[in-house]
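Here is the structure we will look at.
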Amino acid sequence: MAGVDFVDVRKSFGAFPVIKGVNIEIEDGEFVILVGPSGCGKSTLLRMLAGLENITAGEIRIGNRVVNRLPPKDRDIAMVFQNYALYPHMTVADNMAFSLMLAGKPKEERDKRVGVAAEILGLAKLLDRYPRQLSGGQRQRVAMGRAIVRDPQVFLFDEPLSNLDAKLRVAMRAEIKELHQRLKTTTVYVTHDQIEAMTMADKIVVMHDGIVEQIGAPLDLYDNPANLFVAGFIGSPAMNMIKGRLDANDPNRFLTADGTALPVARPAAAARGRDLVYGLRPEYIALDPNGLPAEVVVIEPTGYETQMIARLGGNEVTCVFRERVNAKPGETIRLSIDAAHVHLFDADSGRRLFD
Ligand SMILES: Nc1ncnc2c1ncn2[C@@H]1O[C@H](COP(=O)(O)OP(=O)(O)O)[C@@H](O)[C@H]1O
Ligand SMILES: [Mg+2]
């Protein structure tokens with residue numbers, strides 16, 4: 001096993017820069033997820049780590065070894081792709097053993113390693129089948145088995161669950177996480193799905209447009225987003241973002257464009273006199289008979305919780321209540337805000353202003 005370091009890594013395709021100076025430290029044994037919208041450079045970064053794409057500038061290290069110029073086969077990594085890339089004319093066992101055969105490993109060792117991987121992944125009874133005789137989830141497992149038999153220093157995954165239906169995705173999420181807990185192999189996993197990132201990662205790297213916006217543990221990013229991009233990307237339903245300014249006479253009041261006053265528990269000194277965005281997660285809004293009046297716009301009961309869009313002053317806000325709510329669109333309700341969980345962001349730079 002080994003850690004991985006990206007040091008000021010850059011990549012251009014022709015004159016077009018797609019990775020603009022990325023620094024990431026990945027500890028030995030860590031499960032790290034690169035997450036960000038489509039086109040932000042996640043796959044390019046992963047492919048550079050795998051050696052499938054060269055590096056324009058900077059350094060990539062695997063276990064203290066600079067791998068910039070090392071061919072993929074010498075990097076001791078195993079990659080699982082979105083489309084699985086299984087050989088259709090080979091059985092499950094042969095698919096899993098193929099890389100070992102190329103490496104010239106004797107049959108006895110191949111069988112042993114395939115047997116162990118099949119046991120871990122629950123594939124032992126399917127070893128004689130062909131890929132077309134497997135479900136999507138089983139194919140996904142064979143692709144992982146192929147990576148496991150190589151016992152690499154690092155696993156790389158590029159959107160491995162995107163081809164599965166929603167229910168299977170949730171199941172495979174837990175399986176991959178459990179697999180990591182068992183093998184403890186350093187893992188770099190790419191996804192555009194922030195829920196996948198939140199549920200699986202030890203550490204999340206939020207990317208946007210070729211740069212790293214923030215790195216942190218899932219709940220750390222959720223509770224302490226560094227900027228508006230991360231605040232808006234992590235969390236579902238998304239954080240409410242309301243424009244306005246602090247009241248010049250009372251910094252514990254945030255005034256929206258239409259003059260509605262929202263509470264601020266700890267106004268940052270830097271927030272005074274600036275255009276701001278008031279960041280409020282849906283779960284920190286509560287029904288409260290003494291709260292601010294709001295009009296119900298849409299109500300969505302899911303059974304487990306109730307989501308609501310309500311018009312508070314001139315702003316539509318999304319709320320999530322743990323209880324069931326009997327209210328109809330157009331009705332007036334009263335809402336209170338848990339000011340301790342409000343974030344203030346600088347509207348120009350997008351940066352969070354700390355108190
Ligand atoms: N071989 C290539 N040639 C030119 N541009 C590319 C190539 N591969 C990727 N890109 C561009 O690089 C950017 C990042 O792509 P990619 O890493 O695939 O993003 P992601 O995986 O985050 O969706 C995109 O703008 C994409 O169009
Ligand atoms: Mg991609």
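Whatever order the structure lists ligands and atoms in, that order sets their numbers, starting from 1. These figures come from a predicted structure and were not determined experimentally.
- When all heavy atoms are compared, the tightest approach of R113 to K105 is NH2-CE, 3.8 Å.
- Within the 4.0 angstrom cut-off, atom 1 (N) of ligand 1 has one or more protein heavy-atom neighbours.
- Taking only nitrogen or oxygen atoms, main chain and side chain alike, F16 does not reach within less than 3.5 Å of ligand 1.
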- Message: The test is salt bridge (Lys or Arg N to Asp or Glu O under 4.0 Å); show your working for R352 and D346 and say whether it passes.
- Response: CA-CA 6 Å; R352 181 162 151 225; D346 184 284; over 6 Å; no
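- In terms of protein heavy-atom proximity, atom 18 (O) of ligand 1 is closest to S43 CB, 3.8 Å.
- When hydrogens are left out, the protein atom nearest atom 10 (N) of ligand 1 is F13 CE1, 3.5 Å; that is the closest non-hydrogen contact.
- In this structure, D111 pairs ionically with K107, as a charged nitrogen and a carboxylate oxygen lie closer than 4.0 Å.
- The closest donor-acceptor contact from the side chain of S12 to the backbone of G14 lies at 3.5 Å or more, if one exists at all.
- The distance cut-off of 2.8 Å around the Mg ion (ligand 2) captures these protein N, O or S atoms, sorted by chain and number: S43 OG.
- N240 and E316 get closest at one heavy-atom pair: OD1-O, 4.3 Å.
- At least one heavy atom of G39 sits closer than 4.0 Å to an atom of ligand 1.
- Short contacts between ligand 1 and S38, defined as distances under 4.0 Å to a heavy atom of the residue, involve ligand atoms 23 (O).
- Looking only at atom types and distance, the side chain of E196 has a donor-acceptor partner in the side chain of Y189 under 3.5 Å away.
- At a cut-off of 3.5 Å, with distance as the only test, no side-chain donor of T56 or R10 sits close to an acceptor on the other residue.
- Salt bridge status for K42 with D158: absent, with no side-chain N to carboxylate O gap under 4.0 Å.
- For atom 6 (C) of ligand 1, the nearest protein heavy atom lies closer than 4.0 Å.
- The backbone and the side chain of T44 each have at least one atom closer than 4.0 Å to an atom of ligand 1 (non-hydrogen atoms only).
- Residues that satisfy the salt bridge (charged side-chain N to carboxylate O under 4.0 Å, His left out) test with R141, not counting sequence neighbours, are E175.
- Given atom 12 (O) of ligand 1, the protein heavy atom at minimum distance is V18 CG1, 3.1 Å.
- Salt bridge K243/D275: absent, no basic N to carboxylate O contact under 4.0 Å.
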